[in-house]
There are 2 protein chains.
Amino acid sequence: MDKQLRMTHQREVILSELGKCHTHPTADELYERVKKKLPRISLATVYRNLEILSEAGLIRKLEVSGRQKRFDWDLRQHDHIYCVRCHRVDNIDLEGKKQLSLPAHESRGYKVSGCRIEFFGLCPGCRKIQQKTRKGEEKMGCKTCGTGLSDKQREVLEALAKCKDACGSKDIAAATSLEPKQVSCQITALKKKGYVASPARCKYEITSEGKAALS
Amino acid sequence: MDKQLRMTHQREVILSELGKCHTHPTADELYERVKKKLPRISLATVYRNLEILSEAGLIRKLEVSGRQKRFDWDLRQHDHIYCVRCHRVDNIDLEGKKQLSLPAHESRGYKVSGCRIEFFGLCPGCRKIQQKTRKGEEKMGCKTCGTGLSDKQREVLEALAKCKDACGSKDIAAATSLEPKQVSCQITALKKKGYVASPARCKYEITSEGKAALS
DNA sequence: TGTTGACATAATAATAGTTACCATGTACTT
DNA sequence: AAGTACATGGTAACTATTATTATGTCAACA
Ligand SMILES: [Mn+2]
Ligand SMILES: [Mn+2]
Ligand SMILES: [Zn+2]
Ligand SMILES: [Zn+2]
């Protein structure tokens, strides 16, 4: 009845790659690594087996901050620390001194089966970066949200690049065959991405990041 | 420079609904509530404003287990407990007695900005349910994964329903114009859903759940 | 020992949750 | 009042995950 696990080659490789990896990889980080050994493996196979292996107790599936689940080869009791900027996850060992247990009258009627402790902050790498660039705030490297340019955004940005001085949205509208409203809307988006600056009210110019984004 | 927040009607309603709600709703739970007051509001507006309001510090965005982000109107320091079965989230108050702080030599070079504590287990409601149905395990109510039937699954299940006794996949293959391999595959899926049982090796019959699923 | 079917896989479609885009609407500033 | 900043609704696109299914592999039994 207690079905035993069939140890396929794929499973062996997944396990061994996870074991080599001390970074709590996500499913697709692991997929990228496994693919080097087994180029024909499917992403679904990785997901399926991570699920099966964690249910079998050979690995642990972590619930950590961020959207993606992460996997841990280390089965010992330990906690984690999470970088809010690059989403890296490291181990933390509280040395048993804090085995938080919840007094029954505090548990709100729950049958408590465990407790998860997670510290968060900036990892060493991200601390350095943060010190250098005091302006980009925490937006930059984290997601695709900033980098791309839509067609309209590119059109407006190219028009701005051609201007010698800061200019108003009317000028851009004339140069691009877009409605002034549309231009205003695009400029707002471009400002958010840091590609456009406003040296004076209603005057805009392309930033060096903006020029870089065009090429 | 510190841009002030424009308090639109939509934002007021979102805030007040969140305030009335002590259940740490997800974005779309909140959307359903807000829609009763503002039927024309867009889901995107709810998401956008939850993000903005939490960045402004008027509400808190929670990182809890499960896929969805949740929102909390209570800004005081407190922790949470999570039901692994129905995903409900309740408040826990550790009364400051555990302000876990990480000794510097343990922080792995991180600049720690906080700590999140989350208990998990079964909420009172789910404890009762679990006691009654000792067989469905924890699979049942949680996601859509079990309920539906694909065309092929339905075809096989209907053929099984017509059989008086348990029968082999060959018989089904004959009755359905499907290849035996395909039948075997569908039966596996149907067994996983609990719609088919196997009284003897290589013999299958439809379960009462299976009959219910057909109608 | 050849069949059969349990279990796995690769490829891909489907889904859930969230975010991006943009035309249009509303409200500040001067 | 004009002109811009900010906000919204509708929808497309995206990311992470799960489901489906044809096909492959192998162990157990007839
Ligand atoms: Mn770990
Ligand atoms: Mn709370
Ligand atoms: Zn980092
Ligand atoms: Zn529950």
Side-chain angles (χ1 to χ4, degrees), chain A residues 3-11 26-29 31 35 38-52 66-70 143-153 168-170 173 178-189 191-193 198 201-204, chain B residues 3-11 26-29 31 35 38-52 66-70 143-153 168-170 173 178-189 191-193 198 201-204:
Chain A
K3 48 183 68 179
Q4 70 174 4
L5 192 64
R6 187 181 294 179
M7 188 49 66
T8 63
H9 189 34
Q10 285 89 340
R11 283 177 191 171
T26 62
D28 58 51
E29 281 164 7
Y31 170 61
K35 217 162 44 168
L38 301 173
R40 297 192 41 75
I41 200 172
S42 154
L43 175 59
T45 299
V46 174
Y47 270 103
R48 184 169 6 87
N49 284 321
L50 286 172
E51 187 64 36
I52 289 169
R67 321 223 271 195
Q68 296 173 76
K69 294 280 191 302
R70 289 171 178 274
K143 43 182 77 172
T144 51
C145 77
T147 45
L149 279 177
S150 74
D151 289 350
K152 296 201 178 180
Q153 287 169 4
S169 57
K170 282 259 170 101
L178 290 168
E179 302 291 319
K181 267 278 181 180
Q182 297 181 329
V183 172
S184 161
C185 181
Q186 299 314 315
I187 286 180
T188 306
K191 277 203 292 183
K192 194 153 58 181
K193 298 188 182 187
S198 177
R201 192 168 196 284
C202 311
K203 294 289 171 185
Y204 308 101
Chain B
K3 46 183 71 181
Q4 70 175 4
L5 192 62
R6 188 180 294 180
M7 189 49 66
T8 63
H9 189 37
Q10 284 89 339
R11 283 176 193 172
T26 62
D28 58 51
E29 282 165 7
Y31 170 61
K35 215 162 44 168
L38 302 173
R40 296 192 43 75
I41 199 172
S42 154
L43 176 59
T45 300
V46 174
Y47 271 104
R48 185 167 2 90
N49 284 321
L50 286 172
E51 187 64 37
I52 288 169
R67 321 224 268 197
Q68 296 173 77
K69 293 282 190 301
R70 289 170 176 274
K143 43 182 75 171
T144 49
C145 76
T147 44
L149 279 177
S150 73
D151 290 351
K152 295 200 178 184
Q153 287 169 5
S169 56
K170 280 257 169 104
L178 290 168
E179 303 291 319
K181 268 276 181 181
Q182 295 180 334
V183 172
S184 161
C185 180
Q186 299 314 317
I187 286 180
T188 306
K191 277 203 294 182
K192 195 153 55 182
K193 298 187 182 187
S198 177
R201 191 167 196 282
C202 312
K203 295 289 171 185
Y204 307 101

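First the proteins, then the strands, lettered A, B, ... as listed; each starts at 1. Quick note: numbers below take in every heavy atom, side chains included, and nothing from hydrogens, waters or symmetry partners.
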From [atom1] ([X]) to [atom2] ([Y]), nearest 0.5 Å:
X      : Y      : atom1 : atom2 : result
A/K193 : A/Q153 : NZ    : CD    : 4.0 Å
A/K181 : A/S184 : NZ    : OG    : 6.5 Å
B/Y31  : B/T26  : OH    : OG1   : 12.5 Å
A/L178 : A/K152 : CG    : NZ    : 6.5 Å

Looking at every strand, decide which applies to [X] at a 4.0 Å heavy-atom threshold: base, sugar-phosphate, or nothing.
X      : answer
A/S150 : sugar-phosphate
A/T45  : base
A/Y31  : nothing
A/K181 : base

Quick check for you: among [options], whose closest atom lies nearest to any side-chain atom of [X]?
X     : options                : result
B/R11 : D/dA7, C/dA8, D/dT17   : D/dA7
A/R48 : C/dA8, D/dT21, D/dA5   : C/dA8
B/S42 : D/dT21, D/dT18, D/dG10 : D/dG10

Can you tell me how far [atom2] of [N] sits from [atom1] of [X], to the nearest Å?
X      : N      : atom1 : atom2 : answer
A/Q68  : D/dT18 : CD    : C1'   : 15 Å
B/K152 : D/dT21 : NZ    : P     : 6 Å
B/I52  : C/dT18 : CD1   : P     : 16 Å
B/I187 : C/dG5  : CD1   : C1'   : 10 Å
B/M7   : C/dC28 : CE    : C1'   : 17 Å
B/R67  : C/dA16 : CZ    : P     : 8 Å
A/L43  : D/dT15 : CG    : C1'   : 12 Å
A/D28  : D/dT17 : CG    : P     : 7 Å

Heavy-atom pair with the smallest gap, counting every atom of B/A27 and B/V46: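 Closest approach of B/A27 to B/V46, heavy atoms only: O-CG1, 3.8 Å.
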Please tell me which of B/V46 and B/R6 maps to the more 5' nucleotide of DNA chain D, matching each residue to the nucleotide holding its nearest heavy atom.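 Here B/R6 is the residue nearer the 5' end.
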Mapping A/T26 and B/R40 onto DNA chain D by nearest heavy atom, which one lands closer to the 5' end?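 By nearest-heavy-atom nucleotide position, the 5'-most residue is B/R40.
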Please determine whether a side-chain nitrogen or oxygen atom of A/Q182 lies at a distance below 4.0 Å from atom OP1 or OP2 of C/dT24.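 Result: no.
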Please check the phosphate of D/dT18 (OP1 and OP2 only) for any side-chain N or O of A/Y47 closer than 4.0 Å.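 For D/dT18, neither OP1 nor OP2 has a side-chain N or O of A/Y47 closer than 4.0 Å.
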A/Q186 vs A/N49, nearer the 5' end of DNA chain C by closest nucleotide: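 It is A/N49 whose nearest nucleotide is closer to the 5' end.
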